[in-house]
Number of protein chains: 2
Amino acid sequence: MKTSPNKSIERLSMYRRLLRESENEGTENVYSHDLADAAGCTAAQVRRDLMLVGCSGNPKTGYQVKGLINCICNLLDTPEGDSVALVGFGNLGKALLPFFAKHHKKLVITATFDSNPKKIGEISNGCECYSMESLKKVISEKNIKIAILTVPAEVAQEVAEQLIEANIQGILNFVPIPLQLKNNIIVENMHVEIALEKVAYLTRAANTITD
Amino acid sequence: MKTSPNKSIERLSMYRRLLRESENEGTENVYSHDLADAAGCTAAQVRRDLMLVGCSGNPKTGYQVKGLINCICNLLDTPEGDSVALVGFGNLGKALLPFFAKHHKKLVITATFDSNPKKIGEISNGCECYSMESLKKVISEKNIKIAILTVPAEVAQEVAEQLIEANIQGILNFVPIPLQLKNNIIVENMHVEIALEKVAYLTRAANTITD
DNA sequence: AGTATATTGTGATTTTTTTCACAGAAAGAA
DNA sequence: TTCTTTCTGTGAAAAAAATCACAATATACT
């Protein structure tokens with residue numbers, strides 16, 4: 001398996017979402033420029049990205065929506081699906097849960113964890129909250145490989161290390177610090193504050209540029 | 001004003017956070033490789049990024065922490081600071097509020113908006129929740145240029161258009177759809193589901209690659 | 001059947017981002 | 001003072017990502 005460019009993966013995921021909408025509306029075929037318009041990129045880029053999934057279109061009728069969805073699924077999903085742990089069941093964690101509970105068949109949050117004893121046992125969106133002590137056991141039992149990290153910054157590094165210890169291989173990190181981990185662990189950062197600072201900067205820059 | 005590379009802005013924001021920590025610990029100087037280790041990138045990259053802020057280091061003693069923070073602030077902040085609107089005061093919106101309320105002096109959420117009448121008037125983290133009807137008025141009065149969008153997907157496009165109508169120039173979008181807006185509007189997407197799919201893909205890819 | 005048209009698929013090119021690598025410089029030691 | 005060390009600053013090279021541009025081709029029309 002060859003790893004596909006990072007950015008392409010993100011766009012493919014977006015295309016799939018858009019294609020599923022089209023499918024629900026009964027659309028059978030799309031052109032690269034349709035997808036491009038919807039996704040906010042160029043048609044050439046869509047076609048390049050689609051080259052990765054090994055599903056080809058027709059010069060006159062474009063791509064088959066169903067076929068394309070399947071091809072993207074083949075690249076992005078495993079047939080069995082993946083279990084995900086949500087670690088840190090505070091406000092942010094609780095708010096994120098429905099994002100996944102809704103749509104996803106292949107990426108399912110199957111356990112949440114928190115250090116607060118009051119939350120243990122709580123069931124939300126169909127999954128139970130476990131204690132941090134049972135982290136390793138539950139993760140192993142449920143064969144979880146991916147975690148979403150939404151704990152307070154002070155304990156994030158320590159918890160991340162526990163996750164590695166429990167054999168987690170990929171982390172979606174919402175904690176605004178860079179985790180220091182062995183680099184065979186996949187870490188994707190969602191730094192909200194940094195993103196907002198970037199918006200502020202770019203907004204200002206867009207107004208100040210004169211060329 | 002020349003716009004600096006996107007990625008550099010993100011890293012600069014991260015450096016600043018790390019530098020502030022160092023400052024609190026009483027550290028006066030840092031080397032590029034210190035920052036690199038902390039931020040998870042290379043020393044050469046740190047130095048490249050720092051070239052953008054026009055603050056130079058000393059070949060033997062590295063960079064002055066205080067001076068560096070100031071230089072980064074000059075690039076990222078305005079002296080007066082920016083007001084931010086949080087549009088969609090549901091679970092996610094509420095969870096995000098403390099992220100900013102805590103630290104930021106220069107980026108302050110000064111108003112939240114929601115369509116649910118029950119929420120109007122509610123005060124949280126020092127800012128009031130207004131009705132969607134008063135959006136344009138409040139945003140104009142408070143001179144807000146940036147918005148965080150956390151409304152349900154079904155209404156996101158429509159609300160985004162209202163925001164533009166109200167003169168918002170930059171949007172941090174948490175809604176998992178690509179907004180269709182004039183391209184002089186800055187949109188930064190935080191697509192949680194896509195990010196998780198990417199983690200899942202990369203995790204699998206890292207395990208399957210054999211070369 | 002032949003022609004026109006609109007789209008795909010992809011080499012080639014350009015742009016952007018990252019990394020390399022080293023001259024120049026500051027501090028401390030001899 | 002001179003030497004040594006260890007860093008910075010930055011041109012140059014490499015790698016990654018996006019865009020261009022066009023031959024190949026499927027369909028519809030005449």
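To find a chain, count down the sequence lines: A is the first, B the second, and so on, and within it residues start at 1.
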Check: Taking only side-chain nitrogens and oxygens of B/Tyr31, does any of them come within less than 4.0 Å of OP1 or OP2 of D/dG9?
Finding: no
Next item on the list: May I have the distance from A/Leu52 (atom CG) to D/dA16 (atom P), rounded to whole angstrom?
Entry: 14 Å
Note to self: Going by side-chain contact (heavy atoms from CB on, under 4.5 Å), name the residues that satisfy it together with B/Ser83, two or more places apart in sequence or in a different chain.
What the structure shows: B/Thr110, B/Ile144
Margin query: Strictly below 4.0 Å: does A/Gln45 bring a side-chain N or O up to OP1 or OP2 of D/dT19?
Written below: yes
Margin query: Is there a side chain to side chain contact (heavy atoms under 4.5 Å, CB included) between B/Lys142 and B/Tyr130? Walk through the geometry before answering.
Written below: CA-CA 13 Å; B/Lys142 296 190 180 247; B/Tyr130 298 93; 3.6 Å; yes
Checklist line | Per A/Thr42 side chain, nearest of listed nucleotides D/dT10, D/dC7, D/dT19 | finding: D/dT19
Checklist line | Of A/Lys60 and A/Arg47, the one whose closest DNA chain C nucleotide lies more 5' | finding: A/Lys60
Checklist line | Nucleic acid contacts of residues 11-19 of chain A, taken as heavy-atom distances under 4.0 Å to DNA chain D | finding: A/Arg11
Next item on the list: For A/Asn6 and D/dA17, give me the distance from atom CG to atom P, rounded to whole Å.
Entry: 7 Å
Note to self: Below 4.0 Å from chain B heavy atoms, what is the first contacting nucleotide of DNA chain C and what is the last?
What the structure shows: C/dT17 to C/dA27
Item checked: More than 12 heavy atoms of other groups within 6.0 Å of B/Gln64 CD -> no
Margin query: Just the rounded figure in Å: distance from P of D/dT8 to CG of B/Asn29.
Written below: 11 Å
Margin query: Categorize A/Ser8 for me: base, sugar-phosphate, or nothing, with a 4.0 angstrom heavy-atom threshold over every strand shown.
Written below: nothing
Margin query: Distance alone, cut at 3.5 Å: any donor-acceptor contact between the side chains of B/Glu10 and A/His191?
Written below: no
Checklist line | Along DNA chain D (nearest heavy atom to each residue), the more 5'-positioned of B/Arg48 and B/Pro59 | finding: B/Pro59
Checklist line | Considering all heavy atoms, the nearest B/Pro98-B/Asn125 contact | finding: CA-OD1, 4.1 Å
Check: Please, which pairs that meet side chain to side chain donor-acceptor pair (under 3.5 Å) have at least one residue in residues 20-40 of chain B, sequence neighbours excluded?
Finding: B/Ser32-B/Arg47
Check: Roughly, in whole Å, what's the span from CG in B/Leu35 to P in D/dG9?
Finding: 12 Å
Notebook entry, point to check: Does B/Leu19 reach the side chain of B/Leu35, with side-chain heavy atoms less than 4.5 Å apart?
Noted result: yes
Next item on the list: For residues B/Leu76 and B/Ser13, determine if any side-chain heavy atom of one lies less than 4.5 Å from a side-chain heavy atom of the other.
Entry: yes
Check: Applying side chain to side chain donor-acceptor pair (under 3.5 Å), which residue pairs with at least one partner in residues 68-77 of chain B are found, sequence neighbours left out?
Finding: B/Arg16-B/Asp77
Next item on the list: Would you please confirm or rule out a distance under 4.0 Å between OP1 or OP2 of D/dT25 and any side-chain N or O of A/Asn58?
Entry: no
Check: Quick one: does B/Asp49's side chain get under 4.5 Å of B/Tyr15's, heavy atoms only?
Finding: yes
Next item on the list: Estimate the overall bend of the helix from C/dA1-D/dT30 to C/dA30-D/dT1 from the end axes over five pairs each, rounded to 10 degrees.
Entry: 0°
Next item on the list: Taking all non-hydrogen atoms of both residues into account, name the closest pair between A/Leu75 and B/Arg204 and its distance.
Entry: O-NH1, 3.5 Å
